[in-house]
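Written out below as structure tokens is the structure these notes cover.
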Amino acid sequence: MFNNQSPPPVIRVFLATPLRRGFDYLCPPELKPVPGMRVWVPFGKGRRIGIVGECDVSPQVSLDKLKPIEAVLDSAPILPPALNKLVRWAADYYLHSPGDAWQQALPVLLRQGAPASGDELFWQLVPGADTSVLAKNASKQLAAVAQLQSGELSDNELGELPFDRATLRTLQDKGLVQSEQRRQQGTPFWENPLLVNPGPRPNSEQAVAITAINAAKGFAPFLLEGVTGSGKTEVYLSAMSETLKAGKQVLVLVPEISLTPQTLRRFQKRFEVPMALLHSGLTDNERLKVWRQARDGELGIVIGTRSAVFTPLARPGLIIVDEEHDASFKQQEGFRYHGRDLAVVRAQLEKVPLVLGSATPALESLANCEAGKYQKLVLNERAGNASQVRFDLIDIKHQPLTAGLSPPVLAAIKAHLGRGEQVLVFLNRRGFAPTLLCHECGWIADCHRCSAYPTVHKGRQRLICHHCGSDRPLPHQCHSCGSTQLVGVGLGTEQLENELSALFPGYKAVRIDRDATRRKGSLESALTGIRQGQYQLLIGTQMLAKGHHFPDVTLVVLLDVDGALYSSDFRAAERLAQLVVQVAGRAGRADKPGRLLLQSHHPEHPLLSQLLTNGYGAFAANALIERRQTLLPPFSAQALFRSDALKAEDAQSLLEAIGQRLQQCAPEGGWVLGPLPAPLERRAGKFRFQLWVQYQDKKGLRQWLAPLLANLEEDPPHRRANWTLDLDPIDSA
Ligand code: ADP
Ligand code: ZN
Ligand code: ZN
């Protein structure tokens with residue numbers, strides 16, 4: 001196949017396997033791939049799509065063992081150079097399989113081999129076709145002809161029309177219609193006139209922030225700190241306006257839940273420029289379309305959740321990460337990257353300014369400001385017409401509780417409702433009650449597959465485990481003594497809704513959690529109902545704390561804060577503080593100031609009092625001092641090995657062996673803890689263990705881990721358990 005004089009070129013291809021390495025293939029001389037192109041290669045018994053990593057490498061095995069690649073799919077690297085670098089950087093940084101990182105960075109259809117170029121099918125009338133031959137009752141065909149008389153149609157536009165592809169095919173068979181495969185030619189947004197509608201006049205703090213961002217040349221990271229309603233979004237919009245005017249694109253990352261049509265409408269009101277939302281509800285086709293339009297510059301603005309950080313842009317000009325502290329930016333399985341952190345790296349590679357915005361910045365970001373890496377911009381005043389919220393701590397020790405609410409809280413709810421205002425009761429839990437207990441013998445229903453207790457969902461009459469998803473009918477009898485006196489323990493949002501409705505008849509309650517908003521559009525309609533004042537009592541979980549603003553809510557009650565105060569997770573306190581501030585930020589406006597009540601058995605807790613008296617900034621400053629003293633992130637770097645297996649000893653012994661190998665090559669100051677059972681010891685029938693690794697800096701940690709990972713893949717201690725690695729873990733569950 002190849003001539004003997006010059007050795008055939010060998011290329012290294014990244015494939016979506018868990019293995020952290022490339023695979024070598026021979027490259028027939030007529031194919032001329034370059035790094036970043038997709039190729040078809042034989043793999044095992046089948047064939048796969050991979051990404052060319054390097055060309056002309058010296059092979060890892062002897063040449064006669066290598067197979068040739070089958071085909072090259074692209075005529076150019078599939079990602080622009082900076083994004084190409086980002087993906088490789090990320091695989092390297094997170095010590096992850098480069099092939100899997102590539103797959104995660106591409107829309108599903110591109111992983112499966114769809115053309116990156118974007119050919120589409122177009123339907124046209126055949127010039128001079130005699131359509132009078134159509135029967136008068138062929139209404140679909142007549143509609144199609146009428147539509148095509150006003151111009152051609154792309155296959156993707158058929159959805160809304162009163163005829164379909166089959167109608168067009170019939171017309172095609174009759175010789176009246178023809179189709180053509182070609183590229184839809186959109187124009188880059190900068191070739192069209194840009195319309196920017198005026199916004200409010202910035203206040204002085206906003207003006208300082210806007211000037212700083214607009215003056216930035218090249219990479220410049222900013223942390224924009226300001227409570228909800230302080231006008232951060234207005235700062236984004238002003239900075240975006242300059243970027244768009246310069247003919248450059250803006251990428252906006254937002255947390256999962258706050259990606260609402262509300263957000264989009266606000267952007268659309270300001271800019272008459274093509275923009276797109278990338279969210280989990282899109283079909284694969286829609287996602288690919290946005291990807292292509294962004295790459296070709298047809299979109300001025302792309303808004304999306306964490307994976308949107310991999311959207312190619314023809315002319316990137318600005319990257320914004322809203323609610324940058326939000327945990328949903330971290331991918332929790334597979335390729336465990338942090339969308340915000342990758343946004344920082346992307347801005348660096350693209351040489352563009354970056355704005356991280358939050359009312360409650362992550363301690364990591366605040367530390368980066370202290371270290372001089374980010375420039376901090378602060379908005380202290382509440383812009384527009386919002387006002388400050390008053391906090392009160394309610395000691396519930398020895399207090400009689402009704403539906404989990406203490407007498408002072410009930411009195412406050414009554415007073416606010418009586419004034420015609422809205423009340424938000426916030427509970428960090430869903431379902432009717434956490435679990436089911438026998439009143440006579442104390443038996444508690446447990447999950448058959450986990451070390452957790454399943455949750456009673458009374459509406460659906462099911463017992464559902466929130467950790468493994470297993471689901472069974474609600475039992476009517478105790479499995480131990482046979483009694484029918486089964487009661488729910490604790491309090492969930494559903495029970496809270498029922499009890500509050502009973503306590504305050506005459507006021508309408510609405511519940512917002514994942515269960516109540518499962519149906520498509522139900523969240524939107526609930527939110528609209530709240531804004532229009534149809535509901536007075538709002539009951540909700542985290543979902544209510546993000547993104548939505550409720551100006552007529554004047555009282556927010558936060559139940560269940562004690563759990564976070566006494567958690568084994570060192571980040572729990574930071575999360576609680578962020579939650580308190582975020583929830584408070586949803587409420588109130590100038591003429592009706594908001595009030596936040598927290599119920600706790602531990603009102604003297606220093607964190608709570610610090611936060612409530614001096615605010616998030618003071619809390620964060622203290623928390624950072626504590627982290628520095630205890631050498632916890634961001635003042636050290638951590639990695640978390642997780643294992644799981646059907647037998648506990650297998651999961652445990654695997655991490656024991658990994659721990660021993662780590663100890664053998666540990667740098668001075670390197671620290672290994674475990675294996676420990678995971679906080680949720682059993683999940684979906686598997687036992688889970690953890691091994692924590694810590695070192696003073698990220699680079700040193702990776703240098704320590706990298707050789708070990710290669711060694712683990714080639715020579716695992718045993719194969720009876722799975723293991724994964726999480727770099728910069730933020731969740732220990
Ligand atoms: P954030 O993003 O920090 O929550 P927003 O930008 O949404 O704050 O501002 C909150 C409200 O105040 C919005 O209704 C916004 O239109 C209004 N607003 C923001 N800045 C100004 C300003 N300079 N003058 C008047 N209204 C403003
Ligand atoms: Zn019993
Ligand atoms: Zn379970």
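Values in this document were obtained by computation on a predicted structure and should not be read as measured data. Numbering of ligands and ligand atoms starts at 1, following listing order. Heavy-atom basis, side chains included; hydrogens, waters and symmetry copies ignored. Along the sequence shown, the residues carry numbers beginning at 1.
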Can you figure out which of Lys232, Gln206, Glu225, Arg266 has its heavy atom closest to atom 3 (O) of ligand 1?
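When every heavy atom of Lys232, Gln206, Glu225, Arg266 is considered, Lys232 comes closest to atom 3 (O) of ligand 1.
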If you compare Gly229, Gly199, Ser358, Ser204 by their heavy atoms, the one closest to atom 10 (C) of ligand 1 turns out to be Gly229
Using atom types as modelled, flag every donor-acceptor pair under 3.5 Å from a side chain in residues 235-247 to any protein atom, sequence neighbours excluded.
from	atom 1	to	atom 2	distance (Å)
Tyr236	OH	Asp322	OD1	2.6
Ser238	OG	Glu234	O	3.3
Thr243	OG1	Ala239	O	2.9

Is it true that the side chains of Thr360 and Gln582 contain a donor and an acceptor less than 3.5 Å apart?
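A pair is found: one side chain offers a donor N or O, the other an acceptor, under 3.5 Å apart.
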In the shown structure, where waters are left out, how many protein N, O or S atoms lie under 2.8 Å from the Zn ion (ligand 2)?
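Near the Zn ion (ligand 2), the number of protein N, O or S atoms below 2.8 Å is 4.
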Residues 612-623, side-chain donor-acceptor partners within the protein, below 3.5 Å, at least two apart:
from	atom 1	to	atom 2	distance (Å)
Thr613	OG1	Ser609	O	2.1
Asn614	ND2	Gln610	OE1	3.0
Tyr616	OH	Pro361	O	2.6
Tyr616	OH	Gln578	NE2	3.2

Supply the atom-to-atom distance Leu424 CG to Asp552 CG, rounded to the nearest 0.5 angstrom.
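That separation rounds to 12.5 Å.
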Any salt bridge linking Glu421 with Arg595? Criterion: basic side-chain nitrogen under 4.0 Å from a carboxylate oxygen.
no
Please identify each residue that fulfils side chain to side chain donor-acceptor pair (under 3.5 Å) with Glu286, with sequence neighbours left out.
Thr283
Heavy atoms of other groups near Arg419 CZ, more than 12 under 6.0 Å
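Result for CZ/Arg419: enclosed.
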Leu379: heavy atom below 4.0 Å from ligand 1, yes or no?
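No, Leu379 has no heavy atoms under 4.0 Å from ligand 1.
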Is Pro202 in contact with ligand 1, taking contact as a heavy-atom separation below 4.0 Å?
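Judged by the 4.0 Å heavy-atom criterion, Pro202 does count as contacting ligand 1.
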